Amino acid sequence: MSRLNDANLSLAREIIARYPRPRSAMIPLLHLSQEQNGYVTEEAMAHIAELVDVTSAEVYGTATFYEMFKFHPVGRYVVNICGTLSCALLGAGELIHRAEETLGVRAGGTTDDGLITLEQAECQAACTEAPCLQVNYRFRYRVTPDELDQLIADLRAGSLTDEIPPHGTLARTRQQIPADRWVRPVAPEETTAAPAWMPAPEETSS
Amino acid sequence: MTDTTSTEQHVTITLNGKEISARPGEQLIDACERNGVYIPRFCYHPRMTPVGKCRQCIIEVDTGRGMQLQPSCMLTVSDGMAIDTESELTKQVQEGVLEHLLINHPLDCPVCDKGGECPLQDQAYSHGPGESRFVEQKRNFEKPIPISDLVYLDRERCILCDRCTRFADEVAGDALIHFIDRGNATQVNTFPDEPFASYFSGNTVQICPVGALTATPYRFKARPWDLEQSESTCQTCSVGCRVNIDTSRNRVLRVNGVDGDPVNWGWLCDSGRFNFEQIHHDDRLGSPLLRTDGGELAPAGWAEALDAATNALRGAADSASSGGIAVLGGARLTNEDAYAWAKFAKGVLGTDHVDAQLGDGLPAELVLGLPRATIDRAATKGGTVLVLGPDLKEELPVLYLRLRHAVEFDGATLVEITPTETGLTRYARSSIHPTPGHTAAVVRAILDGDTSKAVGGVEPADLARVAELLRGADPLTVVVGRGSLAESAALTTDAAAVLHDALPEARFLPALRRGNVFGALDMGLAPGLLPGRVGLDEGREWYAEQWPGVPSETGRDATGILTAAADGHVDTLVLLGADPLADFPDADLAARALAGARTVIALDRFVTDSVAKADVVLPVAGYAECDGTTTNLEGRVTRLSKRVTPPGTARSDWTIAVELADRLGTDLGFESVADIWAEIEAVSPAHTGITLEVLAQAGNADGVLAPPAEATVTLGRAPEAIGEAASDDATAADPDQPPTDPDAPADAPSTTEAAEPAELAADSEAAVEVVEEVAADVEADAAEADADSDEPSEEVPARVVAGRPALLEFVAPEPVAEPGPVDAYALRLVTRRKLYDNGTLTAHSPSLAPIAPGPRIALNPVDFDKVGVAEGDEVRVTSAAGAVVLPLARDAATPRGRAVVTTNQGVRITELLAVDAAAVDVRIEVP
Ligand code: SF4
Ligand code: SF4
Ligand code: FES
């Protein structure tokens with residue numbers, strides 16, 4: 001069963017309650033399901049659709065828009081090597097080549113032991129640190145091919161288990177809102193005034 | 001979407017250097033179009049929210065900050081806007097966008113169904129660069145994939161305009177297709193293994209601006225330039241959507257929606273769109289059949305068959321009083337056919353045992369007597385709609401769309417009093433499901449404000465909530481129909497009567513299902529009625545002058561007719577396309593009746609179960625095979641067009657009435673459909689002034705409400721006597737002159753534009769004159785009545801026209817007794833209908849027949865678990881009347897203590913029903 005399990009289901013209900021409209025919780029719930037299963041399963045999407053009262057097609061359409069959601073099993077570690085301009089100029093090609101050799105898979109593939117999925121990624125917004133990569137979205141900057149080999153060796157040896165949670169887990173600590181700080185979500189149409197932080201509109205003379 | 005509140009104001013904008021006035025709030029693209037400047041577009045659709053997806057409509061606009069490029073579909077007009085649609089920059093951008101859209105387009109026009117009527121093709125010619133600079137590999141997808149049983153999707157052709165997906169979400173409420181993936185990989189698709197099973201999927205095919213979506217019934221059947229197109233009205237259900245029928249070489253190949261503003265807004269349901277397939281089904285009757293001495297039905301000639309029918313009728317007429325002949329059915333005829341049969345049955349045969357409904361509808365006095373609403377009234381912004389009846393999504397699908405839109409976009413409030421959840425439940429502010437048998441009591445409790453205790457299975461809080469919603473509802477429209485055949489119609493009548501009494505401002509929209517059931521009732525095919533919504537007694541004097549005769553007393557309804565037949569009191573039973581064995585809510589009685597009637601004459605298009613029992617079978621023409629008119633649930637009269645010839649020697653029902661009358665020595669007095677309409681217009685108090693010319697006027701393309709309300713309807717001329725009118729009407733009904741959409745000048749960028757508004761103006765001027773004429777007539781008549789002083793003048797009903805009888809007013813019947821409580825081992829039965837069933841229209845349409853869901857009995861999970869079988873296992877369902885075997889389903893939407901069965905899905909549910917029962921209880925046994 002790759003629908004949300006009981007623990008995650010109650011978590012899901014809690015997340016849904018944070019939004020004025022249930023459907024707004026769709027993306028957090030997709031992450032939750034990916035955390036549970038390592039990737040987003042069809043059953044999970046159908047389950048989320050039920051929970052937030054939309055169709056499965058709407059969940060599917062939303063989920064597939066985002067690179068970070070995977071729809072097939074991936075490795076415990078997803079290694080994204082950036083191949084966009086800055087990184088490309090500073091040796092990304094060489095890095096990818098080395099990774100393919102060391103792992104024995106092409107970019108996009110997963111090692112036979114199911115440990116590592118290699119991907120060539122678009123810009124990861126760390127151009128000053130090129131060439132860069134991510135392991136389950138945790139950055140490594142200015143990586144040399146040898147450092148990459150070392151990283152792979154560490155992943156294989158399991159010595160990074162503490163530092164990097166399995167794919168799908170964004171953070172090990174989940175944010176909890178204490179009951180006394182809980183603010184009821186307000187639907188846009190129910191707001192009566194501009195939010196406190198918004199500056200008063202300028203008087204314009206026309 | 002008309003907005004009448006702002007007709008007085010306008011905004012002035014400058015379009016290509018010329019000042020024009022636009023309607024406040026309208027999209028710039030529409031304002032330009034109405035003023036003769038067509039801006040190319042793909043994603044924009046006037047009935048859906050603009051989204052600015054395709055960027056094809058970009059033009060240069062100055063909104064006070066200098067000229068800027070803006071998508072004209074996303075911009076509402078504002079005062080002082082200056083627009084340049086002809087600038088070099090505009091042209092450059094539009095060409096660029098088109099070149100861009102064509103980058104991935106396969107340009108397989110020669111093998112594409114859309115070729116020849118494709119907005120992409122057309123606008124590539126009119127607004128494209130002519131050549132593409134793209135030489136790289138286009139993206140490839142698997143060629144068409146089925147996204148439902150009816151629709152194929154060719155993703156390579158898709159330009160991602162978001163029309164289909166927007167329609168699915170915004171209009172149909174079935175967001176089962178969506179954009180999937182991102183960027184260059186974006187495609188329209190469904191969730192894996194969850195097809196686009198929407199009752200409205202065909203609309204996406206119609207509005208797709210390219211050939212990406214195709215429907216199975218039409219794929220590769222024709223090229224657009226080989227099709228002849230003609231406007232008509234869908235007769236599948238009583239909504240009466242406006243359609244275009246496309247034919248080629250005497251076959252109907254496609255039906256598309258036409259934007260009728262008061263009715264369908266361009267949408268159709270898939271049943272109405274695709275069931276044209278049955279027209280050409282091999283099983284269509286092409287020759288009369290007669291029962292041989294051996295007891296078989298064998299083909300016969302018309303002369304022989306008509307003789308047999310005449311003899312039966314003559315014998316019956318001679319042998320007894322009017323009790324000898326009865327006529328059932330007629331709800332799928334044209335108005336003209338129905339009138340001819342009403343005149344023949346009532347005026348010539350002298351029988352009033354005539355009923356167009358088969359005990360599965362509502363009493364004619366209720367339908368015709370209650371103050372009628374229009375769909376627009378029901379969908380009024382901020383109005384309230386009370387649905388007291390069936391699942392509109394299943395039975396009157398486009399009415400469902402209109403009501404859904406009213407709730408979702410126009411702030412209408414929907415309240416449901418239905419026997420179980422419906423397709424509209426999720427849009428209802430309150431939805432209550434009284435125990436069948438107690439609907440009237442629940443309505444009473446709500447209206448009396450007696451919400452202290454539960455009534456009919458509805459909790460006090462829910463009663464109070466509905467009462468609250470109905471209080472002060474303005475305007476309130478009640479959609480009233482049979483929610484379930486297992487609850488007596490008398491209870492619905494009772495409930496409607498109570499509502500009418502307590503809320504006199506409420507208007508009613510009767511939710512009867514069959515295509516022209518309202519036309520049939522308006523033409524008098526019901527006991528105690530004469531054409532034009534006139535009671536038999538009130539109209540006797542008038543019709544005695546017009547017709548050879550008038551029945552002396554009120555006859556029996558369908559139940560009475562079948563009971564009499566079963567008891568051997570009906571000599572000849574005529575079935576006008578009626579199949580009581582399948583439809584009458586008491587299978588046992590129907591079977592006994594067909595056996596008990598001495599002779600059964602059936603006019604039909606297929607050998608239905610009932611037709612198979614007939615002695616004389618006369619094949620008739622059907623939809624798209626007859627000219628004439630039809631009447632929808634609002635009372636709106638619209639035109640039908642004959643596009644193909646009926647199979648074999650099948651002919652129109654009215655000609656059979658004429659022939660039979662002739663053989664009996666009476667001339668019915670008409671030789672053409674136009675003659676009949678002229679007579680209807682001349683004698684019916686509800687149709688005064690609705691001449692064929694009036695119906696043919698461009699401004700009346702959406703039809704004319706009967707009886708016409710002077711203020712809103714354009715009338716052609718004052719009523720005339722029979723005969724005088726006949727000759728010129730023939731030309732008015734020319735089917736080659738399709739009525740023009742009143743908005744047509746705005747819709748098509750054509751060179752004839754200037755001429756059209758003038759024509760329209762002429763129409764409405766003439767119309768005004770006639771309204772005055774009719775009004776004068778009414779006054780003169782009132783004055784006359786006054787002078788005669790037969791009756792006090794204040795009692796002259798307002799709707800009397802030129803000496804014609806007054807229209808029927810609803811008189812509430814005595815309330816009926818409620819059934820007792822359900823015993824502990826039984827469940828109360830609810831019947832519901834699905835859009836696709838075993839009815840002749842669906843069953844003979846090869847694309848639709850397989851998607852009928854099949855029979856089932858659904859129980860609430862709690863009741864289901866008590867039965868102790870698996871989902872889908874067959875159980876034996878027994879009522880006092882009979883038993884059937886059905887697969888069992890578990891359904892959380894079914895209230896506890898109820899059993900919901902779907903009718904006409906291959907198992908004869910009517911076996912369980914007894915027509916006189918207020919409610920029906922069933923037991924479920926594991927066989
Ligand atoms: S399939 Fe047709 S209607 Fe749907 S997005 Fe593509 S082009 Fe538009
Ligand atoms: S809603 Fe009724 S009239 Fe309209 S298309 Fe469907 S069947 Fe035809
Ligand atoms: S029609 Fe305006 S953006 Fe598509």
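Note that the coordinates shown come from a computational prediction; the quantities given were computed from them, not determined experimentally. Order of the sequence lines fixes the chain letters, A, B, ..., with proteins taken first and strands second; residue numbering starts at 1 for each chain.
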Note to self: Could you go through A:His167 and A:Tyr77, starting from their C-alpha distance and side-chain angles, then the distance that decides it, and tell me whether this counts as side-chain contact (heavy atoms from CB on, under 4.5 Å)?
What the structure shows: CA-CA 6 Å; A:His167 178 257; A:Tyr77 301 110; over 6 Å; no

Write out the donor-acceptor pairs between chain A and chain B under 3.5 angstrom, atom names and distance to 0.1.
{"unit_1": "A:Asp53", "atom_1": "OD2", "unit_2": "B:Arg426", "atom_2": "NH2", "d": "3.3"}
{"unit_1": "A:Thr55", "atom_1": "OG1", "unit_2": "B:Ala175", "atom_2": "O", "d": "2.5"}
{"unit_1": "A:Ser56", "atom_1": "OG", "unit_2": "B:Glu194", "atom_2": "OE1", "d": "3.3"}
{"unit_1": "A:Thr64", "atom_1": "OG1", "unit_2": "B:Asp181", "atom_2": "N", "d": "2.8"}
{"unit_1": "A:Phe65", "atom_1": "O", "unit_2": "B:Arg182", "atom_2": "NE", "d": "3.1"}

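- A:Arg106 pairs by the side chain to side chain donor-acceptor pair (under 3.5 Å) definition with nothing, not counting sequence neighbours.
- Listed by chain and residue number, nothing satisfies the salt bridge (Lys or Arg N to Asp or Glu O under 4.0 Å) test with A:Arg156 (two or more places apart in sequence, or in another chain).
- By the salt bridge (Lys or Arg N to Asp or Glu O under 4.0 Å) test, A:Arg140 pairs with A:Glu163, sequence neighbours left out.
- From A:Leu30, atom CG reaches atom CD of A:Glu35 across 13.0 Å, with rounding to the nearest 0.5 Å.
- Residues A:Tyr141 and A:Phe139 bring their aromatic ring centres within 6.0 Å.
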